[in-house]
Amino acid sequence: MRIRFTLNGRRVEVDAPPHITLLELLRNYLRTTGVKRGCETGECGACTILMDGKPVNSCLILAPMAEGAEIVTVEGLAEDGRLHPIQEAFIEENALQCGYCTPGFLITAKALLDRVPEPSVELIKDALTGNICRCGAYRMIISAVLRASEKMRTTSASQG
Amino acid sequence: MSSSLIEVQREEFSILDSWLKAREFIVVGKSVRRVDSLEKVLGRARYVEDYLVEGMTYARIVKSSVPHGLIESISPGEASSHPDFIDLITAEDVPGQNQVGYYISDQPALAEGKVRFHGEPVALVVARKPESAELLRSMVEVRVKPLPAVFDPLEAMKDQVIIHEEVGSNVVIKTHIGKGDAEKALEESDYVVENEYRMGYQDHAYIEPEGVLAIPKDGEYTVIAPAQYPHLAQLISARVLGVPQSKVRVIQPMIGGAFGGKDDMGPILAAQAVVAAHKTGKPVLLTYSREDSFTSHCKRDPAIIYYKSGASKEGRLTAVQVRIIFDAGAYANRGPFTLWRATAHASGPYEVPNVDSRGFLVYTNKVYQGSFRGFGNPQVQFAAERQMDELAEKLGIDPLEFRLMNILKPGSRTCTNQLLDHSVGIGEALRRVAEASGWREKRRRYGRIENGKARGIGVACAWHGISTSRGVPDWCNAYINVAKDGSVSVYTGIVEFGQGSHTGILQIVSEALGIPVEKINLIGGTSDAPDTGATHGSRGLSFGGTAALIAATKIRKAVQRVAARSFGCSPDDVELRDGWVYCRRDPEKRMRWEEAVKACYLQGEEMSATGYFFMPKERFDEKKGQGQAYVVFSYMAIITEVEVDVETGLTRVLKVWPALCAGRIINPELAKGQVDGAILQGLGYMLLEEIKVEDGRILNPAFTDYLVPTIMDLPEIMDPIYVEDYFKYGPMGAKGLAEMALIPMAPAIGNAIKHAVGVSPREVPYPAEKLYMDLRRVRGG
Amino acid sequence: MSMLEYRRFSSLEDALRFLSERPDAKIVAGGTDLVVQMRMGKLKPSTVADIRGIMELRGIRESDEGLEIGALTTIEEIRESSLVERLAPPLWEAAQEFATWQIRNMGTIGGNLCNASPAADTAPPLMVLGARVRTARLGGGRTIPIEEFFRGPGETILEKGELLTHVHIPRPGDSEGHAFQRLGRRVAHILSIVSAAAAVGVEDGRIGWVRVALGSVAPTPVRARTVERELTGKTPSRDLIKSASEKVLNDIKPISDVRASAEYRRAMSVVLVRRVLEKALRRAGA
């Protein structure tokens with residue numbers, strides 16, 4: 001089945017069987033391997049991507065459901081070789097250990113900051129509930145989201 | 001310690017000693033950022049499933065759906081007519097020995113003749129497409145004639161059903177340590193507390209499920225394996241293939257969490273994958289689904305612990321008598337060592353004059369146990385630390401005071417009668433954590449039910465021997481090569497799986513050579529590096545760092561010699577710092593690091609070095625159960641504050657105060673990450689994580705019902721208090737730390753629950769329902 | 001899995017026609033349950049009908065009678081809706097605690113109801129709100145009270161070729177109060193072991209009418225009619241609520257499973273019913 005959508009700003013067309021998940025499509029057919037396979041039941045959030053701006057579990061989506069959608073994965077966060085502030089903040093706050101859950105966290109955190117530029121700690125926790133970090137870097141992840149929020153506001157203020 | 005070892009390693013001892021005495025550090029002790037984070041935030045870090053090789057195929061395990069039985073036949077069934085089917089691999093296809101047992105040779109790579117647990121891999125199906133492997137394995141036909149099975153370790157000890165005929169009994173191994181006369185001392189004690197504790201499984205639940213990629217080429221094999229000991233994965237792969245170890249090359253990919261589990265599963269999956277690669281002649285990516293990971297990968301050992309301890313009315317511990325039964329599951333795997341560790345840590349970090357601790361490792365028809373952060377110790381520390389609170393209560397002494405009255409200190413003797421001559425900071429840790437948490441005041445104020453909720457505060461300590469036990473030979477090594485342009489390559493067998501060991505090792509080399517971390521390339525976790533032992537037992541940075549420090553210091557000395565000649569000063573006066581080599585007495589005399597390296601090349605100084613170090617160990621008398629159990633111990637004290645909803649039994653951990661005695665902290669920020677992570681896994685172990693088994697089958701093999709802590713479960717964790725009790729053989733005095741905070745976490749929560757609502761948890765996990773039922777019993781109704 | 005036929009629909013009529021011809025087709029709304037069941041091999045559909053493009057099944061509207069929610073409305077849309085917060089407070093509360101952001105972005109209210117899980121958290125609130133569901137099929141649909149919608153675990157009254165299209169919630173009166181609470185084994189991102197909702201109308205200081213409903217304690221979400229009878233017409237007091245809540249044991253038939261024992265579920269049902277009643281009464285100004 002032919003499936004067409006936008007992946008990280010690029011139009012893609014791919015032939016794939018309709019029963020596979022969007023996670024499998026992205027990883028195995030499009031080599032977008034920043035999207036991680038964790039549980040395949042929508043519990044861990046490692047496969048989180050943005051679909052039309054919203055964070056979703058790509059393991060719970062059949063590939064054809066992506067038709068016409070705008071998909072953003074971790075690979076699409078940095079622009080023109082410049083890290084997204086949330087990526088910088090994760091590095092600066094040591095907000096990762098094994099790094100396997102990191103792409104999912106970055107995507108969900110970006111979606112949050114796009115909606116709420118100045119999130120409270122409570123709101124950050126609420127938004128990130130569906131991303132599990134078994135290494136337990138949650139405390140640093142919260143700091144990183146706060147730091148990214150600050151960076152994004154400083155940048156937009158200096159540009160505005 | 002043998003005198004010949006002292007002689008042979010004279011240089012190494014003097015190197016370690018000189019760094020131990022150093023006062024000022026440039027890189028060590030600083031929160032250098034992890035070196036792998038850029039790749040990770042870009043999504044470019046390559047985990048095993050992210051590798052792509054020409055002609056790759058995809059394998060899944062076919063599992064037993066019977067807990068104990070005789071294999072009658074295995075056939076591909078309908079799978080063979082599917083266009084994506086390549087092959088079915090069974091025990092018959094193993095060219096070498098079908099054996100992956102860690103210590104006891106009881107475990108096949110693929111079941112042979114018999115299956116011994118529900119979920120045991122009996123075959124591999126190899127498919128052309130990743131999405132087909134799952135379908136194909138459901139078509140494979142496995143016929144097994146069921147045998148009577150045994151699931152309860154106490155039942156299994158009766159040997160009515162024998163799981164391993166070749167062993168002859170379900171009791172695989174017995175352990176013992178002790179001193180004095182515990183029986184008599186308990187009779188004479190003023191106060192005695194006796195309880196039974198039951199500990200459940202814990203699953204590592206690393207977010208990356210197991211996987212290994214095996215690539216065959218001209219009789220040699222490259223294995224991309226998330227393993228914790230590349231040389232072990234190499235050895236076991238070679239064994240199943242029947243080829244020399246040197247024909248197998250193991251490379252570590254980025255690893256999505258390990259926590260001990262991939263110490264076992266790395267080699268086991270490597271063995272399975274290489275057999276498939278051998279038979280098909282194609283690269284094989286073997287992956288486990290999340291369900292496979294739950295049903296078929298090793299877990300923290302379930303345990304039954306009988307614990308009796310006594311104290312005098314003055315508040316001194318008199319004796320402990322402990323019986324530990326570890327449920328090994330179907331294979332011995334790490335059980336002999338987790339059990340030994342539990343047995344040898346049974347007293348807790350206290351001075352106890354009379355000790356009798358015995359362990360029994362018992363086969364059952366269930367998934368096998370394995371290595372997991374804490375390695376047998378969390379189970380027994382739970383019992384020990386709950387006992388301490390119960391004894392203190394009987395004595396009418398504050399439980400923290402009671403601990404301080406008995407705590408180990410330099411000069412103490414442990415439960416195996418080992419003399420602790422240095423590096424024992426636990427007493428200070430306990431005092432400081434008490435002060436930071438407002439212990440006394442909260443201990444008075446909490447423990448009352450208000451609006452259906454009650455708060456409590458609890459303390460627990462832990463001690464943990466670093467690296468391997470007893471006389472088990474223990475070494476570390478590293479190889480450093482300085483290129484002509486001054487850039488440095490460090491080869492270490494230590495594996496990075498998120499803990500930050502590689503960053504720490506780089507800091508150590510950077511410190512020794514006086515050049516920035518960016519100039520050093522670390523190649524780790526590969527069998528190309530010298531055998532460094534495993535990255536387990538919290539030894540990655542402490543022992544791996546020791547080797548790197550020795551190797552780097554040998555290079556440093558060569559540079560000092562050459563520079564001294566050029567400067568006309570003593571080599572001891574040559575300092576290496578910030579990329580400069582200069583004379584300390586006359587800093588005008590200096591050259592760039594690169595020039596110095598060039599000079600070394602010209603003047604016959606070797607610019608490569610190994611850092612082999614054989615850990616000096618003293619004798620352990622197995623018969624008496626006495627002697628040196630471990631070269632050194634790290635220590636931990638934790639205080640937790642909880643709130644219990646008495647109507648539902650739900651417990652929330654509100655605050656945690658950790659204090660760690662792990663010698664020199666090489667990187668405080670990364671150390672904090674390890675403490676936080678271990679605290680959350682300990683919290684999960686106590687309150688959330690439960691594997692439910694019925695007739696040997698795991699009922700909840702998914703994150704839907706195996707609950708790990710989410711960000712909403714995060715308590716307020718204070719920055720760790722570091723008591724830097726230096727260790728003489730560690731790099732700059734560092735000991736291990738990654739396991740530490742998990743170990744006392746469960747009893748610290750348990751003791752806080754007791755303080756809050758008066759019920760005394762004797763089980764792990766202790767989720768809401770259990771607490772509620774216990775509370776109802778205690779309060780009547 | 002053999003080749004799946006995947007069909008997309010943007011018109012309700014086309015979808016209904018297709019479903020009447022292919023009654024075994026599985027419907028994709030959010031996909032969050034379907035994909036998991038396919039992966040676990042519990043479902044092996046040969047045809048899937050993707051109805052996500054049918055715009056008339058989306059969105060939340062205020063009508064004269066109250067609230068109309070399209071079956072394809074996501075749980076996140078409900079969570080973010082001030083209309084739902086104002087006109088269907090317990091449903092809004094249930095959406096706050098529902099799964100995770102990722103799942104709420106895909107999962108729909110129609111999907112949550114049609115899967116008919118005894119643990120569906122949107123059901124008890126809709127029951128106490130007196131909601132009705134509208135269905136469509138070729139040749140006409142029907143409108144039925146939500147309580148009559150469920151038949152058993154995974155089973156609804158929907159017939160082959162019939163789609164749930166909308167949920168209608170009557171406008172609450174002035175002296176009404178509502179509440180929803182759930183209990184899971186973890187604070188968030190967890191299936192409920194008991195959930196409870198209550199709605200109460202206070203008249204002259206008395207409980208004029210009351211509805212209580214629970215999830216996860218019977219084969220379907222259930223009304224606690226015994227509790228309701230015990231309370232109706234009486235002056236609320238702490239003791240009354242306590243004794244009435246204990247009556248919930250007559251209304252539920254919980255099972256023991258991997259999440260909780262029946263005994264614990266029974267005890268927790270009493271606690272949760274009491275809590276939602278207290279809260280609802282407080283909100284009703286009693």
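Chain A is the first sequence line, chain B the second, and so forth, proteins listed ahead of strands; every chain is numbered from 1. Predicted model, so just to flag it, every value in this text is computed and none were measured.
When each of A:C135, A:G34, A:P103 is scored by its heavy-atom pairs under 4.5 Å with chain B, the top score falls to A:C135. Interface remark: of the candidates A:N94, A:T41, A:V35, A:I20, A:N94 forms the most heavy-atom pairs closer than 4.5 Å to chain B. Ranked by heavy-atom pairs under 4.5 Å with chain A, the first of B:L42, B:I679, B:L683 is B:L42. The candidate from A:G45, A:G42, A:G99 with the greatest count of non-hydrogen atom pairs under 4.5 Å with chain B is A:G99. Contact tally against chain A (heavy-atom pairs below 4.5 Å) for B:E716, B:E39, B:H204, B:Q499: the top residue is B:H204. Between chain A and the options B:I711, B:L38, B:D36, heavy-atom pairs under 4.5 Å are most frequent for B:I711. When the candidates A:V74, A:I124, A:I91 are compared by the number of heavy-atom contacts under 4.5 Å with chain B, A:I91 comes out ahead. Contact count against chain A (heavy-atom pairs under 4.5 Å) is highest for B:A205 among B:A205, B:A702, B:G257. Residue with the most contacts toward chain B among A:N131, A:T102, A:I141, A:I132: A:I132 (heavy-atom pairs, distance under 4.5 Å).
Of the options B:Q674, B:R34, B:K40, a side-chain hydrogen bond (donor to acceptor under 3.5 Å, both in side chains) to A:Q97 is made by B:Q674 and by none of the others.
Between A:R37 atom CZ and B:E208 atom CD the span is 8.5 Å, to the nearest 0.5 Å. In this structure, A:C47 SG and B:I207 CD1 are separated by 11.0 Å, a value rounded to the nearest 0.5 Å. In this structure, the separation between CD on B:E131 and CG on A:L23 is 11.5 Å, given to the nearest 0.5 Å. Atom-to-atom distance recorded for B:E134:CD and A:E24:CD is 9.0 Å, nearest 0.5 angstrom.
Taking 4.5 Å as the limit, some side-chain heavy atom of B:D676 sits within range of a side-chain heavy atom of A:M140. Contact of the A:E93 side chain with the B:E669 side chain is not registered, since no non-hydrogen atoms from C-beta on lie closer than 4.5 Å. Here the side chains of B:D719 and A:R139 are in contact, with some heavy-atom distance below 4.5 Å. Side chains of A:Y138 and B:M712 form no contact here, defined as non-hydrogen atoms less than 4.5 Å apart. When side chains are defined from C-beta on, B:I255 does not count as touching A:C98, because their heavy atoms never get closer than 4.5 Å.
A:K36 and B:D50 are joined by a salt bridge, as a carboxylate oxygen and a charged side-chain nitrogen come within less than 4.0 angstrom of each other. In this structure, B:D713 does not pair ionically with A:K125, as no charged nitrogen and carboxylate oxygen lie closer than 4.0 Å.
Looking at B:Y58, there are no atoms closer than 4.5 Å to chain A (heavy atoms on both sides), in backbone or side chain. In this structure, chain B has heavy atoms under 4.5 Å from both the backbone and the side chain of A:E92. With a 4.5 Å cut-off on non-hydrogen atoms, A:E75 touches chain B through its backbone and its side chain both. Residue A:I86 does not touch chain B at all, counting heavy-atom pairs closer than 4.5 Å.
Counted within 6.0 Å of CD on B:E54, heavy atoms from surrounding residues, nucleotides or ligands total 12 or fewer; the atom is thus considered open. More than 12 heavy-atom neighbours from other residues, nucleotides or ligands sit within 6.0 angstrom of CZ on A:R2. Taking a 6.0 Å sphere around CD of A:E67, one finds it holds more than 12 heavy atoms contributed by other residues, nucleotides or ligands. Within 6.0 Å of atom CZ in A:R31, more than 12 heavy atoms from other residues, nucleotides or ligands are found, so the atom counts as buried in its surroundings. Within 6.0 Å of NZ in A:K151 there are more than 12 heavy atoms belonging to other residues, nucleotides or ligands.
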Between B:L52 and A:T33, is the side-chain contact (heavy atoms from CB on, under 4.5 Å) condition met? List the steps.
CA-CA 10 Å; B:L52 181 67; A:T33 53; over 6 Å; no
Go through the steps for A:E40 and B:E291 under the test side-chain contact (heavy atoms from CB on, under 4.5 Å), then give the verdict.
CA-CA 9 Å; A:E40 296 179 276; B:E291 185 177 330; over 6 Å; no
Run the side-chain hydrogen bond (donor to acceptor under 3.5 Å, both in side chains) check on B:T704 and A:E43 step by step: do they pass?
CA-CA 7 Å; B:T704 323; A:E43 302 280 346; 3.1 Å; yes
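Judged as a ring pair (Phe, Tyr, Trp, His ring centres under 6.0 Å), and not counting sequence neighbours, the contacts of A:Y100 are B:Y47. Residues that satisfy the side chain to side chain contact (heavy atoms under 4.5 Å, CB included) test with B:F294, not counting sequence neighbours, are B:D203, B:R290, B:I691, B:P701, B:F703, B:Y706.
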